[in-house]
Amino acid sequence: MNNFTYTPTNSAKEATRLRRETPAATYVAGATTLLDMMKVNLVEYPQLIDINELPLRGIEQTREGLRIGAMERMSDVGEHPVVVQQYPAVSESLLLAASAQLRNMASIGGNLLQRTRCGYFRDGAFPCNKRVPGSGCPAQQGDHHGLAILGTSTACLAQTYPGDLSVALAALDAVITLENAKGKQRRVPVTSFYLLPGQTPDRENILEPGELIVAVTIPAAPHAQRSTYLKVRERTSYAYALASAAVGLEVQGGTIRSARVALGGVGTIPWRSPEAEKILTGAPATDDTFRVAAAAALRGAQPREHNGYKVALAQNTLVRALQKVATP
Amino acid sequence: MNDSLSFEPPKAGSVVGQPVNRIDGLAKVTGQARYAAEYDLPGLTYAALKTSTIAKGRITRIDATAALREPGVLAVLTHENLPKMAQTPNTLAGKYAIYGMHMGYMPMTGDEIFYAAQPVAVVVADTFERATQAAALVQVTYEEARPVASYQSAQAEVFDPNGQGFVFDLKKVTRGNPQAALAASPVQVKATYVHAINHHNPMEPGATIAHWEGPDRVTVYDSTQAVAMSQQSLAVVLGLPQEQVRVITKFIGGGFGCKFNLWPHTVLATLAAKAVGRPVKLVLTRQLMFTSLGHREDQEQTITLGATQEGKLTTLIHEKTSTTSPWDIFAEPNAAILNWLYACPNYESSHRVARANVMTSTYMRAPGESPGSFAIECGLDELAAKLNLDPLEIRLRNYADLDSGTGQPWSSKGLKECYRRGAELFGWSKRSRQPGVTRDGQLLVGWGMATASYPVRPAQGRARVRLYADGHALVQTSATDLGTGTYTIITQVAADGLGLPMDRVRFELGDSTLPTAPASGSSVAAATVSSSVHLAIQDVWQRLAAMAVRDSQSPLFKAPLTDLTNEQDRLVLRKDPSKGESFAALLQRQGLTDIEGVGNSKSGEGFEADQLAFDNKPGTKQTKRSMYSFGVHFCEVKVDPDLGTVRVSRWVSVMDGGRILNPKTARSQIIGGAIMGIGSALMEATNRDEYFARYTNADLAGYHVPINADIPDMTVEFVDGHDPYVNAMGVKGIGEVAMVGSVAAVANAVYHATGKRVRSLPIIPSKVLGRDAV
């Protein structure tokens, strides 16, 4: 870990000003991702700007939906009664993530910015286009058993976002509120926040330099209330998803009125599937419909030698999640 | 003084055999127990390792300028300025002279790179943070060559070591005529089982504090299972007389075999301390734990079984291929267990290895027996399925009444009782013969079982017991407590032997200045240490007896020594226990504050009690016996056929480990071993990149070990019994037998649940989901 200065702040204005003065600095909240990477010198920042005291708290119902402050902790949000009752997929995605200790530390804003778990990215001895642009991607021929099959490129196979929450947020049309150094705010759907790797996997999201995540807003909807998050992994807890599905359905008289589908663990970014949603919407809520929708969701998959299993696994995960919300 | 008292099997005491709580439990949970890295010595400095980014090649340049400019940096040691060693393991002669260094290459003795993350520099600074950052600033330039990643690599040269193996000779062993027997066998099973690379991953990483107390005297606080062997090995490496090296290990946070030997980081810390003239602390990072203390090697085993229509084995043929390092020929001897586990007239085992750019693999809980049992126990399950026999029934049909390998009788074998009791506890008789038919909602349910066995390995050690006239005792030996309960069980043994309450006995271990004990490994600690303490106590009583019979004031004056025994804290006449006196009264009258006894115990083959107490009666011939612990695991899994996930839902282990000194700590040993097996079966694997020969998941986020949610409540029982032939205490050992068979029990349960045989570990969703056998 390099030497750095540590600067606590208590306003967004102050935080963004500090960041403007030192563009190489970074913000720190729960530090659960940042510290891991600093300890092995994967990232080196001259300054950490602590934003934990920023007034970016609160879980409140607004006209646009449930607004969650960026500094709320994963465990608080996951256990919040409104989240549990009206956005079960969000609650479940939070509580199935990481460990209790990490959930108590990690902030919602930080969660959206967690970095990939690809082994080549996590060890500075390997080439990695995401870490060192142009150095190569050993995962293409090497260990990609756990890596993505959707949205990949010849430059990168990694899940830019390896976690759970953004998958649920992507499914439920959540919007991220960002604030820049001038105090100006803009709103970006989660589905537009992350960038596909293409040939520039080092560019992971649309954040401008110094821009802060201040809140996440999830619209209320019948399909949000009838939603779930299903996560498949190699051990029962404290592991990243091999495949996951966040789904929400509004079913009336056996017919699906609206559907929301996103996949985790299989895409380089949280993978919203309009293809699956199109098939589901207006169709009978039956296993046959779900299977057709799952096949559509994975149609664009490009598995490699060691992760072909993810096609069937993601389809089955999606079917299972849809079955769960179809029969309340 | 063999004429009285000695070698009597210990009596059933008041605390031995009781589920006593750990006496060090409170110290551990309150942070009072000091581990190797927790000695705050004056002037302590901190070392950080710089390791190679390549797996093969040569260092062309090391630039330490930037590192040395950092504040607080005391030294940057490289192969160019590391203090000289008197001996290295780099030659075979050196390796044998050092004895305790498992790996035949000491890093930083030259510019060559043989494996990924090989240490290339040690940076010492006044704080941990400064040392680690300065290490990051050391610039190393390499000339890179293409490494070989494993025996499976296209460039790998696989060869038969033909008896050249280190520690295990890896000779081809043939008994009977295995090939002819196979040709004549009406039923045959041939299958290849693949074992992933496993890492021990104890909670406490490798950690060393080295303190030179003079130019030729060093104390090393080290997390090692083997205090005495470390001391001896370090002395040879440093060129010091053995008594000038002191090794201290009061507590260990798990070892599982990776802390059995002396590894390079301990030597580097010691040399760094010499270079800077101050105590140096070196703690391995979790990432470095994957390339510093060995691992269980990547390997595959092909097993060929021949059998009769009734399921009786006619032949066993075992071939293993595995990866070894550039310098050593090391492989776990998997086949050995096949030679004794079941009755079989014909047997053959052979090994093949390939060198790759990896560090030398090492002992990991039941080295050989655990992966070997995975092959034979799954193979037998496949044979049972082929013959439509119950898996337990086929094991009973092949039950070995004698050791097939040697023809010797067993010292004791409670396996049939383990089978019976285990099956009863599990409800095994209700198992469906057909696989893939039992459901619990969307889940498939499967039951599997496997036999466990592990040798009572020969070992010897010494202990000293000092009994004070005030009714307290001090018991000392250089043994180590891996966290398994050695402190507790030995205190129980001493308390019973001396007739004292446990809180009057202080048991010290983990210091090379104490009487020499064997390494805690190979499941010898409980057996050897308890026996040496028992014998030291016998020695104390003998000395007291000799004193009493010469003391005219004693009620035992002039009594023949052989008529005496002890009851609690009193020395008494065997025939009339009312006649006698307490040791306190005797010592006080003699004007002694204390009395001391020493015990030297042997366990396993050659144990003197075997000869003296049982077989050496005039006119009888001594019988050699095969000495093993035995047991059985029963496992229930639930498999999600759509998602490929496997979860263990029930577990029963019943073990015959000879005398069980403390059923509570023993139960923890058994569940710990079984959980390690569940991990190995379902999730543990270190992945080595084929091109770079470097691990891609070298941390605890990437290398999955079971967490609480993966493990159900487990039922453990013991078939308790004193084995008179193994050692003075009748203890056979349980640390490793606990893991043997557990992997296969899970794999067999997965087969029973799904009808699909997964022969490649770990059994992860990608393998369960595919249609074909893997």
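Below, chains carry the letters A, B, ... as their sequence lines are ordered, and counting in each starts from 1.
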Return the option, out of [options], with the maximum number of heavy-atom pairs under 4.5 Å with chain A.
options: B:I707, B:L643, B:T53; answer: B:L643
options: B:E70, B:R647, B:Q442; answer: B:R647
options: B:H704, B:M683, B:E129, B:R130; answer: B:H704

Heavy-atom contact with chain A under 4.5 Å, split by part of [X]:
X: B:Y691; result: neither
X: B:V646; result: neither
X: B:I764; result: side chain
X: B:D699; result: side chain
X: B:D642; result: both
X: B:I763; result: neither
X: B:R694; result: both

Give the member of [options] that has the highest number of heavy-atom pairs under 4.5 Å with chain B.
options: A:L242, A:N307, A:L313, A:V319; result: A:L313
options: A:A243, A:S237, A:G146; result: A:S237
options: A:D36, A:N2, A:N3, A:T236; result: A:T236

Roughly how far, to the nearest 0.5 Å, is OH of A:Y45 from OG1 of A:T5?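 If we round to the nearest 0.5 Å, A:T5:OG1 and A:Y45:OH are 14.0 Å apart.
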Rounded at 0.5 Å granularity, tell me how far CD in B:Q133 sits from CZ in A:F4.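 If I round to the nearest 0.5 Å, the distance is 10.5 Å.
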Under 6.0 Å between ring centres, would you say that holds for A:F126 and A:Y120?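 Ring centroids of A:F126 and A:Y120 are less than 6.0 Å from each other.
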Heavy-atom donor-acceptor pair, B:S153 side chain to B:Q155 backbone, under 3.5 Å: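 Here the side-chain-to-backbone pair does not exist.
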Between the side chain of A:S135 and the main-chain N/O of A:R131, is any donor-acceptor distance below 3.5 Å?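 A pair under 3.5 Å: no.
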What part of [X] gets within 4.5 angstrom of chain B, counting heavy atoms only: side chain, backbone, both, or neither?
X: A:R235; answer: both
X: A:H306; answer: neither
X: A:V40; answer: side chain

Can [X] and [Y] be counted as an ion pair, charged N to O under 4.0 angstrom?
X: A:D143; Y: B:R688; answer: no
X: B:R58; Y: B:E144; answer: no
X: B:K638; Y: B:D640; answer: no
X: A:E92; Y: A:K231; answer: no

How about B:D689 and B:Y695: do any of their side-chain heavy atoms sit closer than 4.5 Å?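 Side chain of B:D689 against side chain of B:Y695, heavy atoms only: no contact under 4.5 Å found.
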